[in-house]
Participant: 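This is the structure, below, for whatever I ask next.
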Amino acid sequence: MSLYSLQKLLYQLNRDPDSRARFKQDPAAHARAFELTDEEMKAVLDPDIGLLYVLGVNGQILMHYAALRGLEWSAYIEAMREGVRRHGPVRAGIYAMVEE
Amino acid sequence: MPLVFAGVCSHAPGITGRKDQADPAVRDAFYGAFDRMRLAIEAAKPDALVVVGAEHFANFFMDNMPAFALGMADHYEGPIEDEQWLGIKRRRVPGDRALSERLIARVMRDVDVAYAEEWKFDHGIMVPLNFLTPRYDVTIIPANINCQGPPLTPLSRAWAFGRALRKAADEMPERIALVGTGGISHWPATPNSGKINEAWDREFLKRWSANRRDELLSYTDAETYREAGQGGFEIRCFIAAAAAAEGATGEIWFYAPIPIFAVGCTIGVMNL
Ligand SMILES: [Fe+2]
């Protein structure tokens with residue numbers, strides 16, 4: 001479990017234009033600098049926003065990454081729902097989905 | 001000078017970013033309450049406004065997460081978010097390094113606070129300022145309580161921080177106003193975005209208005225998470241504002257759930 005590294009990668013993309021530029025040039029190379037599991041790496045690169053959500057990425061970080069990868073608000077919300085359908089409940093963090 | 005103003009307001013990004021999608025009647029009533037708060041702050045003639053916010057990884061991350069932070073710069077910048085998305089243009093916001101330094105030194109005698117000579121504002125501060133100091137001509141002193149990265153700042157410490165800010169403000173020759181910002185119940189950036197627990201909110205606001213310490217501090221994080229979502233952790237900012245006004249009671253000038261804003265929209269003021 002390396003949720004910290006995963007969130008750090010995404011946080012830096014949100015806040016640091018240089019990181020963003022490096023990531024855009026070669027996403028895999030950029031991501032390899034972080035200690036990620038294979039599942040986390042795949043979720044970042046696909047990108048699988050739903051899986052990132054299930055892995056426990058804080059919503060205040062993930063919503064900006066979703067926007068960076070071109071997801072509009074409603075598509076982002078749906079991607080999280082789809083993630084839970086495919087991968088099961090959120091595994092960590094404080095942004096779990098509530099069943100209504 | 002004794003603290004000249006204390007209040008609380010919502011800060012959800014939808015308040016400005018999705019304003020066109022809200023029911024105009026309730027939205028305009030909410031904006032009207034914000035404007036009433038602006039007038040009250042202006043009438044108090046503050047030399048500086050301390051904004052106790054709950055930021056969302058704009059400056060602080062889990063590599064070095066402070067329980068509390070105060071800004072110490074002559075100017076700040078915000079918003080960090082996309083201007084279109086938030087509906088607020090990026091700008092410089094005035095600060096006062098020397099005043100911050102004096103305040104921080106006094107707060108530190110009671111609460112271990114981190115200071116930051118650089119601080120970029122996110123919606124947690126920019127949305128309130130958009131309404132409360134729309135000309136950006138009021139000196140701002142940003143304050144932060146960790147409501148995002150567990151372990152979170154305990155409620156009892158949020159109260160202590162509010163008390164420390166009050167003592168510091170009272171000892172300054174300047175006139176200091178204070179606003180706490182945040183959600184009550186809400187589930188932002190989750191599939192449940194738009195969900196609001198109105199009954200929980202109203203009970204919390206009743207306790208906030210009565211300003212009884214024990215009632216405000218009796219919430220557990222497990223209970224808050226269950227009933228009010230992770231957004232409910234931001235009650236820390238409301239609690240700090242109440243503590244800053246200990247001895248006074250408050251009034252809720254506005255409360256209404258506005259789902260497209262993803263929060264029960266709130267304006268509350270303490271009668272100092
Ligand atoms: Fe917030």
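To find a chain, count down the sequence lines: A is the first, B the second, and so on, and within it residues start at 1.
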Participant: If I measure from the heavy atoms of chain B, does A:Arg15 come under 4.5 Å with its side chain, its backbone, both, or neither?
Facilitator: side chain

Participant: Checking heavy atoms, do the side chain of B:Thr190, its backbone, both or neither come under 4.5 Å from chain A?
Facilitator: both

Participant: Testing the basics here: between B:Leu216 and B:Ala242, what is the closest heavy-atom pair and its distance to 0.1 Å?
Facilitator: CD1-CB, 3.8 Å

Participant: Using only heavy-atom distances, determine whether the side chains of B:Thr153 and B:Asn146 contain a donor-acceptor pair under 3.5 Å.
Facilitator: no

Participant: Heavy-atom pairs under 4.5 Å with chain B: which of A:Asn14, A:Ile61, A:Val84 has the most?
Facilitator: A:Ile61

Participant: Is it true that A:Tyr65 and A:Arg69 share a donor-acceptor pair across their side chains at a distance under 3.5 Å?
Facilitator: yes

Participant: Under a 4.5 Å heavy-atom cut-off, does chain B meet the side chain of A:Gln7, its backbone, both or neither?
Facilitator: both

Participant: Check whether B:Arg226 gets within reach of chain A through its side chain, its backbone, both or neither, counting any heavy atom under 4.5 Å.
Facilitator: neither

Participant: Check whether A:Tyr11 gets within reach of chain B through its side chain, its backbone, both or neither, counting any heavy atom under 4.5 Å.
Facilitator: side chain

Participant: Pick one of side chain, backbone, both or neither for A:Ala96, based on which atoms fall under 4.5 Å of a heavy atom in chain B.
Facilitator: both

Participant: Measure A:Met97 against the heavy atoms of chain B and call it side chain, backbone, both or neither at under 4.5 Å.
Facilitator: both

Participant: Ion pair present between A:Glu39 and A:Lys42, side-chain N to carboxylate O less than 4.0 angstrom?
Facilitator: no

Participant: Before accepting this row, confirm whether a basic side-chain N of the pair A:Glu78/A:Arg85 lies closer than 4.0 Å to the acidic partner's carboxylate O.
Facilitator: yes

Participant: For the interface with chain A, which of B:Met62, B:Gln148, B:Lys120 has the highest count of heavy-atom pairs at distances below 4.5 Å?
Facilitator: B:Gln148

Participant: Can you tell me which portion of B:Asp63 sits under 4.5 Å from chain A's heavy atoms? Options are side chain, backbone, both or neither.
Facilitator: both

Participant: Which label fits B:Phe61 and B:Phe57: parallel for a plane angle under 30°, tilted from 30 to 60°, or perpendicular past 60°?
Facilitator: perpendicular

Participant: Just by distance, with hydrogens left out, do B:His56 and B:Glu81 show a side-chain donor and acceptor under 3.5 Å apart?
Facilitator: no

